[in-house]
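Everything below concerns the one structure shown next.
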Amino acid sequence: MCGIVGYIGHRNAVDVILKGLKRLEYRGYDSAGVAISNGKLTIQKCKGKVSQLEKLIKANYPHGTMGIGHTRWATHGEPNDVNAHPHQAGDYKFAIVHNGIIENYDALKKELIQKGHFFEGETDTEVLAHLIQEVKKVGLTDFETAVQMALNQVDGTYGLAILNLDEPDKLIVARKGSPLLLGIGDNEVFVASDASPIIEYTKKVVYLDDDEMAIITPDGYQVKTISNIELSKEVHELEMNIEQIEKGGFPHFMLKEIHEQAQTISDCMRGRLMVDENRIVLGGISDVLDRIVNAKRLVIAACGTSWHAGMVGEYMFEHMAKLPVEVEYASEFRYRDPLIGPDDVLLVISQSGETADTLAALREAKAKGALVIGICNVVGSTIARETDAGVYTHAGPEIGVASTKAFTAQVTVLAMMAILLGQKRGTLTKECSRDIIKELNTIPAKVAQILEKLDDVDTISRLFAYASNFLYLGRSYNFPVALEGALKLKEISYIHAEGYPAAEMKHGPIALIDEHMPVVVIAVNDHTNEKMISNIEEVRARKGRLIAITNEDNHDVRRLAEFSITVPQTHDSLSPLLTVIPLQLLSYQIAVYRKCNVDQPRNLAKSVTVE
Ligand code: F6R
């Protein structure tokens, strides 16, 4: 979703900002713009990619050491040059970039029009710009106070940065609901909606919290609430490095991230999986472990791929820890007036840690007294900071919009949590937990094995690249994997795909099966194998094109399927960590054959910060 970069210091601001906007491209956007202050305000913006903005800027290059930039993911008003940020108001003395949504923009706009304001575009951000100007004019206040007063009148969310021509050495930024951080350098300060644009300049960051603003000059910054109470903020050290956010020789981030999974799963288990001692250590939840162990119910809330990981978790927790689990779409959880209270635990799962729906679910459950724990990838993200306790996945920055390594890291954390709870609740025997822990330890090597032989995936991808539909079927632990496989395919190749529990097929989707329908079945050697074979026969009888994800020695499935991709054998509960890999590769390869923009699929955003 929208991205912000701001700079004040001694470098050429436009260079820092353009480079930063490119680093933010992965978040998804449809237009981009910059404002540079150097005695005058130069604003350049356009619909399309940052490369188009770059061309525009080359023709009229603004020199200056202070500026703001933005990538816009359209919410209010179509993507076009006018609606692109930065925005200005009547006297054109300041420029603003904004992430988030001003929910009461319509009412504010009507009032402002009555007061004589004229709007060039349709965005809610332009309304905020005019509101600041109106407040300044009527209240006869200084600019900073006008910004505070305006922000106190808006409902909704914002991460914003403002340049004011009258105060040429000052940048004002503020946050409510949309992440914003400051990068602290030597006589320079960076602003960004996530750490990727600033990592090459500094590792020192200050995270703004909701209802906070910062007044930034080249020599430093001052953080206060939007009600003007001064704050002292902790400076954090970023853990990421520049290599992690570059492609490292791979054609796409998604492929790089698929290939990183042996390493990221291993990183995720490091220091936590004590194989010889048959022990799991999850320091991030140790203080609240007793409460989790004694919980009546675990509710898991997440979105998209993280929701699929949560579903795998449901099977794990119920099987190993005999703990009742409900998995909720975070977006629905909040609107149902959910029955959750102090005896329950809410587990939120989020790669970005910024997903607005998941954050809303977290806040709802917290307000109702539940313990809220999290599984997050981005260190210091809002969800990571607002949960009572949690476990980081340590998968490193995930840049490809389609989530891959985050999913396997989330499932790894869920497996460790389930084993730990099973041990503590006495529902998992020593032998069983020893077996699963040992097996979990072998997963990175097995993932590496899958990634070594990609010929089958390539052949199948080439053959089915132009199919119009795909059906994905799985049972038990591999039902969520069927959902995940379908999601991966549709989001990056734009082929319609559906995931189903294999047995549900006969209750409807079977009507779709004919000789044109590729049907991906996840049929490994587990306790559902016989039943899966019956489903495979049903597909065969209707001439569906069967693609099986199975094991080398599963001769029945391999004989029945038209195509097979094999994965090593593992414990039933851990098989999603292996079966998902060929499905990620299949959708990647199909998207490449269809010449789709793999890393930045249309309409999608990496971090979904609107509800
Ligand atoms: C799919 C995908 C999305 C995210 C979802 C939740 O590939 O990336 O479905 O999984 O938007 O995002 P996080 O995990 O950041 O909360």
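As the structure lists them, so they are numbered: ligands from 1, and atoms in each ligand from 1.
Remark: Lys488 pairs with Glu484, Glu491 by the salt bridge (charged side-chain N to carboxylate O under 4.0 Å, His left out) rule, at least two apart or across chains. Scanning for side-chain contact (heavy atoms from CB on, under 4.5 Å) contacts around Val299 gives Arg297, Glu328, Phe333, Ile340, Leu346, with sequence neighbours left out.
Not less than 6.0 angstrom separates the ring centroid of Phe470 from the ring centroid of His496. Taking the six-membered ring for Trp and the full ring otherwise, Phe464 and Tyr593 have centroids separated by 6.0 Å or more. The aromatic ring centroids of Tyr207 and His236 lie less than 6.0 Å from each other. Taking the ring centroids of Phe253 and Tyr26, they lie at or beyond the 6.0 Å cut-off.
Put simply, no part of Glu354 is less than 4.0 Å from ligand 1, judged by heavy atoms. Using a 4.0 angstrom heavy-atom cutoff, Val401 counts as in contact with ligand 1.
Between His252 and Tyr588, the angle of the ring planes goes over 60°, which puts this pair in the perpendicular group of the 30/60° scheme.
Close approach of ligand 1 to Gly304 (heavy-atom distance below 4.0 Å) involves ligand atoms 9 (O), 10 (O). Remark: ligand 1 atoms within the under-4.0 Å shell around heavy atoms of Gln351 are 13 (P), 14 (O), 15 (O), 16 (O). Here is the list of ligand 1 atoms found below 4.0 Å of a heavy atom in Ser306: 10 (O), 13 (P), 14 (O). Listed by number with element, the atoms of ligand 1 under 4.0 angstrom from any heavy atom of Lys488 are 1 (C), 7 (O). Interface atoms of ligand 1 facing Ala402, defined by a heavy-atom separation under 4.0 Å, are 7 (O).
Ligand 1 has no N or O atom lying under 3.5 Å from any N or O atom of Gln410, backbone or side chain. The shortest N or O to N or O distance between Thr358 and ligand 1 is not below 3.5 Å.
Protein heavy atom nearest atom 4 (C) of ligand 1, with residue, atom name and distance: Thr305 N, 4.0 Å. Here the heavy atom of the protein found nearest to atom 15 (O) of ligand 1 is Ser352 OG, 2.7 Å. Ranking the protein heavy atoms by distance from atom 7 (O) of ligand 1 puts Glu491 OE2, 2.4 Å first. Among protein heavy atoms, atom 6 (C) of ligand 1 sits closest to Cys303 O, 3.3 Å. The protein non-hydrogen atom at the shortest distance from atom 16 (O) of ligand 1 is Thr355 OG1, 2.4 Å. Atom 11 (O) of ligand 1 has Val608 CG2, 4.0 Å as its closest protein atom, hydrogens excluded (heavy atom only).
At distances below 3.5 Å, not a single donor-acceptor pair connects side-chain atoms of Glu354 with backbone N or O atoms of Pro179.
To the nearest 0.5 Å, the span separating CD on Glu498 from NZ on Lys490 amounts to 6.5 Å.
For Arg175 and Tyr158, the positive end is not near the middle of the six-membered ring at less than 6.0 Å and at most 45° from its axis.
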